[in-house]
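To start, the structure under review is shown below, and the notes come after it.
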2 protein chains.
Amino acid sequence: MAAWRAFVSTSHLLERRIEEQLKASAGLTHPQYEILVRLSDAPGRQMRMTELARGVVVSKSALTYQITQLEKAGLVKRANCPSDDRGVLAVLTEAGLSCLERVAPGHLEVVRAYLIDRLSREELHTMTSAMLKTEEALRSSV
Amino acid sequence: MAAWRAFVSTSHLLERRIEEQLKASAGLTHPQYEILVRLSDAPGRQMRMTELARGVVVSKSALTYQITQLEKAGLVKRANCPSDDRGVLAVLTEAGLSCLERVAPGHLEVVRAYLIDRLSREELHTMTSAMLKTEEALRSSV
DNA sequence: GTACTGTCGTTCGAATTTGAACCGACACTG
DNA sequence: CAGTGTCGGTTCAAATTCGAACGACAGTAC
């Protein structure tokens with residue numbers, strides 16, 4: 001449980017640091033940033049709401065709220081889903097993409113400074129595979 | 001950044017799972033549980049507010065709120081700090097201790113099932129040392 | 001076609017978190 | 001001992017989260 005303690009504390013501390021950096025540099029929250037990243041990676045720079053919520057790991061209602069915020073900021077827009085009339089597509093706008101490109105370097109710098117650069121390649125590799133294993137386990141057991 | 005992605009997703013998923021388990025088994029939130037754990041480990045089962053907030057990694061105001069909640073539930077009580085009239089001590093009550101002892105096994109079971117048991121000794125060791133390194137870095141750079 | 005069951009996204013209310021503002025008490029200097 | 005700056009904890013408003021409830025559509029069975 002030493003491992004667990006360290007994991008929890010560190011993830012909370014990192015979360016705080018990330019949040020602080022994003023807020024200062026672009027007025028974004030971490031979930032909002034994550035949304036932009038996921039959308040920018042998706043084909044057509046768009047995703048269904050539910051799928052996006054799963055990816056970012058927030059509730060559907062939280063995603064609805066954040067997409068509305070991002071829409072007000074002009075970084076994302078909603079579109080109808082052609083294949084399913086219930087569905088909604090979140091689409092990354094040009095402004096959203098350029099915002100992401102502007103913000104990403106500073107964000108990654110923090111991540112590197114506090115996590116990546118402190119570990120050896122081997123440590124990093126081991127940790128990544130460990131995280132992926134437990135992510136897999138958590139996602140599949142819903 | 002694959003490492004980073006995996007880390008963020010996994011920590012959020014774990015957080016959700018933990019929260020769900022604690023809520024169901026004892027009506028506690030994760031921060032509340034963390035508070036009880038820290039207090040039970042402290043000498044005299046008591047801690048100063050600020051120190052506790054640092055340990056649990058929440059803001060001072062969030063701690064004030066949660067201690068009030070736990071006080072209502074009878075798990076914690078406040079006491080004056082003899083050495084500093086400004087200070088407040090959060091003290092774990094008997095009820096708080098027995099609540100913790102009742103809840104801890106189920107909590108640890110989840111942690112083990114999704115994190116600890118899925119990793120080899122080596123992975124676990126690497127991850128722990130990595131977490132401790134970055135925790136140290138984050139805490140000292142405030 | 002009709003009925004059933006499940007999925008999608010939103011809305012709602014309640015709970016929680018944060019940072020800023022604040023007050024009282026400490027510590028230190030002159 | 002007054003003056004100044006800092007620290008500890010609370011209060012406040014604003015933002016965000018979640019789960020439950022809801023209405024609309026999809027998919028299937030009959």
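A quick note: this is a predicted structure, and the numbers were derived from the prediction, not measured. Naming: A, B, ... by sequence-line order, numbering from 1 per chain. Every heavy atom of this structure was used, including side-chain atoms; hydrogens, water molecules and symmetry mates were not.
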Between protein and nucleotides 2-7 of chain C, map the contacts as a letter string: B base, S sugar-phosphate only, - none, heavy atoms under 4.0 Å, written 5' to 3'.
----BB
Side chain of B/Asp84 only, heavy atoms from C-beta on: which candidate in C/dC26, C/dG19, D/dC18 is closest?
C/dC26
Given atom CG of A/Asn80 and atom C1' of D/dA24, what is their separation to the nearest angstrom?
13 Å
Looking only at D/dG19, C/dT17, C/dG9, the nucleotide nearest the B/Arg16 side chain is D/dG19
Within residues 25-50 of chain B, which residues have any heavy atom lying less than 4.0 Å from an atom of DNA chain D?
B/Arg48, B/Met49, B/Thr50
Spacing of B/Glu51 atom CD relative to D/dC7 atom C1', expressed in whole Å:
15 Å
For the pair made of CD in A/Glu20 and P in C/dG19, what is the distance, rounded to whole Å?
8 Å
Starting from C1' on C/dT16, measure out to CD1 on B/Ile67 and report it in whole angstrom.
15 Å
Name the residue closer to the 5' end of DNA chain C, choosing between B/Ser83 and A/Arg78 according to the nucleotide with the nearest heavy atom.
A/Arg78
Can you tell me if B/Gln69 touches the phosphate of C/dA15, counting only side-chain N or O atoms and a distance under 4.0 Å to OP1 or OP2?
no
Could you state the atom-to-atom distance from CG of B/Asp85 to C1' of D/dT10 in whole Å?
16 Å
How many whole angstroms separate atom CD of B/Glu19 from atom C1' of C/dT17?
12 Å
What's the verdict on salt bridge (Lys or Arg N to Asp or Glu O under 4.0 Å) for B/Arg45 and B/Glu94, showing C-alpha distance, side-chain angles and the deciding distance?
CA-CA 10 Å; B/Arg45 303 204 307 243; B/Glu94 283 303 324; 3.0 Å; yes
How would you list, by chain and number, every residue that makes a salt bridge (Lys or Arg N to Asp or Glu O under 4.0 Å) with A/Asp84, sequence neighbours excluded?
A/Arg48, A/Arg86
Rounded to the Å, how far apart are A/Tyr65 OH and C/dG9 C1'?
17 Å
In terms of ring plane angle, is the pair B/His107 and B/His30 parallel, tilted or perpendicular, where the classes change at 30° and 60°?
tilted
May I ask you to evaluate whether A/Gln66 reaches the phosphate of D/dT17, defined as a side-chain N or O under 4.0 Å from OP1 or OP2?
yes
